[in-house]
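Just passing along the structure, written as structure tokens.
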Amino acid sequence: MSERGRRPRRVSRRDDPTLCPVAQYRAREAEPRDRWRRLREYLAGRLTALYENGGGRRDTAHRGVRTYQRELVRRSRAALRQRTREGWWHGPAPYGYTLQPHWVGAGSRRGGRRHRLVVDELRAPVVPLIFTWSLHDKLGDRAIARRLTEQQHPLPVDPVSGWPRAWSWAIVRTVLTNPAYLGYVIRDRTERGVDQPPECWTWSRQRGHPELVAPAVFWAVHTHRSRKASACPDTGTTEFENDQQEAA
């Protein structure tokens, strides 16, 4: 009973459990909040444990990623070596050659377009001249480039833009050091930026395209230019000594 003359206090509906059921949740103790807080702390601890160095899980994941990457690199190199031994060309064509596409294994998962080198009738005669000037006339790369420019021999073509490029000593050096002019497809001439001897190169099992330079001329130029000249390989055989080496 309220006192006479005084108005009774009005109860808010938000505080009345009968009129507002949400008030029942507000009236509960703080224990459920503490329970959710403990759960969040536990989950946060489990997630951060994955990135702690002491747990070892992060190192294990990194080792797995590195192993997977190394396996991809190994398979890619093995596939490229296999295609090289089969005589398929990779990359832009050297000066004196053009690319001829071939469709291999149509309909199979490993099939696709591959390339062989064919002779460029316009530029092929210039390649023996470059080797002759280097071997017999004892001209350097810059002198050969100047002579090619003065005599107006066909210019090389940029593999990206397709436009002709001026002769330079770098292009001449590329021609004189490219064993593709022997008629073989060759890979692994360098390893980690270090030049490898010819017996460590990966050679195709047989000639994949016509040769533009005689083997004796090419190896004479190669021996003269190489600082660490090794014995010239036998040019009459293409047998493997093992799975990694060939002689041509």
Open item on the list: Around atom CD of Q152, are there more than 12 heavy atoms from other residues, nucleotides or ligands closer than 6.0 Å?
Closed with: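 Counting other residues, nucleotides and ligands, CD of Q152 stays at 12 neighbours or fewer.
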
TODO: Quick one: list whatever passes side chain to side chain contact (heavy atoms under 4.5 Å, CB included) with R70, sequence neighbours left out.
DONE: R66, T67

TODO: Measure up the H222 and W219 rings against each other and bin them: parallel (under 30°), tilted (30 to 60°), perpendicular (over 60°).
DONE: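 H222 and W219: perpendicular rings.
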
Task: Where G96 and V127 come nearest, the two heavy atoms and their spacing - done: CA-CG2, 4.4 Å

- [ ] Report yes if the side chains of F218 and P179 come closer than 4.5 Å at any heavy-atom pair, otherwise no.
- [x] yes

TODO: Looking only at non-hydrogen atoms, find the nearest pair between W167 and H153 and report the distance.
DONE: NE1-O, 3.6 Å

Open item on the list: Which heavy atom of T177 sits nearest to which heavy atom of R189, and what is that distance?
Closed with: O-NH2, 2.6 Å

Open item on the list: Do L80 and W203 sit in one hydrophobic cluster, given that two such residues count as connected whenever their side-chain heavy atoms are within less than 4.5 Å of each other, even indirectly?
Closed with: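 Each belongs to a different hydrophobic cluster.
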
TODO: Mark yes or no for whether T174, through its side chain, and A170, through its backbone, hold a donor-acceptor pair below 3.5 Å.
DONE: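 Indeed, once roles are kept as given, a pair shorter than 3.5 Å links the two residues.
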
Task: 4.5 Å side-chain heavy-atom contact, L117 and L99 - done: yes

Task: Close side-chain approach of P101 and H115, heavy atoms under 4.5 Å - done: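 Result yes, sub-4.5 Å side-chain heavy-atom pair found.
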
Task: In one Ile/Leu/Val/Met/Phe/Trp/Tyr side-chain cluster, 4.5 Å: V221, W201 - done: yes

Open item on the list: For a 4.5 angstrom cut-off between non-hydrogen side-chain atoms, does V172 reach L148?
Closed with: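 Counting from C-beta outward, V172 and L148 do come under 4.5 Å.
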
Task: Smallest separation among heavy atoms of L155 and R123, with atom names - done: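 Nearest pair, atom of L155 first, then R123: O-NE, 2.7 Å.
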
Open item on the list: Testing the basics here: between V118 and Q100, what is the closest heavy-atom pair and its distance to 0.1 Å?
Closed with: CG1-OE1, 3.2 Å

Open item on the list: In the structure I gave you, are the side-chain heavy atoms of I171 and Y95 within less than 4.5 Å of one another anywhere?
Closed with: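 Side chain of I171 against side chain of Y95, heavy atoms only: no contact under 4.5 Å found.
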
Open item on the list: Please tell me whether Y181 and W133 are part of a single hydrophobic cluster in this structure, the criterion being side-chain heavy atoms less than 4.5 Å apart.
Closed with: yes

TODO: Could you pull out all residues at least two apart from H209 that satisfy ring-ring contact (aromatic ring centres under 6.0 Å, His included)?
DONE: Y97

- [ ] Working to the nearest 0.5 Å, report the span between CZ of R83 and NE2 of H90.
- [x]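 Rounded to the nearest 0.5 Å, the CZ-NE2 separation comes out at 6.5 Å.
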
Task: Point-to-point distance, once rounded to the nearest 0.5 Å, from CD of Q206 to CD of E86 - done: 10.5 Å

TODO: Only counting residues at least two apart or in another chain, list the ones meeting ring-ring contact (aromatic ring centres under 6.0 Å, His included) with W89.
DONE: none

Task: Nearest-0.5 Å distance that lies between atom CZ in R77 and atom CG in L72 - done: 12.0 Å

TODO: Please check if L176 and L129 belong to a single hydrophobic cluster, counting links between Ile, Leu, Val, Met, Phe, Trp and Tyr side chain heavy atoms closer than 4.5 Å.
DONE: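 Yes; L129 is reachable from L176 via cluster members.
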
Open item on the list: Do R81 and D188 make a side-chain contact, defined as non-hydrogen atoms from C-beta onward lying under 4.5 Å apart?
Closed with: yes

- [ ] Please confirm whether R116 makes a cation-pi placement over W88, using NZ or CZ under 6.0 Å from the six-membered ring centre and within 45° of the ring normal.
- [x] yes

Open item on the list: Check E71 with R74, please: is the shortest side-chain N to carboxylate O separation under 4.0 Å?
Closed with: yes

Open item on the list: Are E191 and C200 packed together at the side-chain level, in the sense that at least one heavy-atom pair is separated by less than 4.5 angstrom?
Closed with: no

Open item on the list: Please tell me whether L135 and V175 are part of a single hydrophobic cluster in this structure, the criterion being side-chain heavy atoms less than 4.5 Å apart.
Closed with: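 Shared cluster, yes.
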
Task: Gap separating the OG1 atom of T84 from the CD1 atom of I186, nearest 0.5 angstrom - done: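 Output value for this atom pair is 10.0 Å.
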
Open item on the list: Taking S204's backbone N and O only, do any of them form a donor-acceptor pair with R187's side chain (distance below 3.5 Å, no angle check)?
Closed with: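 Between the backbone of S204 and the side chain of R187 there is no qualifying donor-acceptor contact (under 3.5 Å).
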
Open item on the list: Within this structure, what is the CZ-CZ distance for the pair R85 and R205, rounded to the nearest 0.5 Å?
Closed with: 6.0 Å

Open item on the list: Side chains of R225 and R173, heavy atoms from C-beta outward: is any pair under 4.5 Å?
Closed with: yes

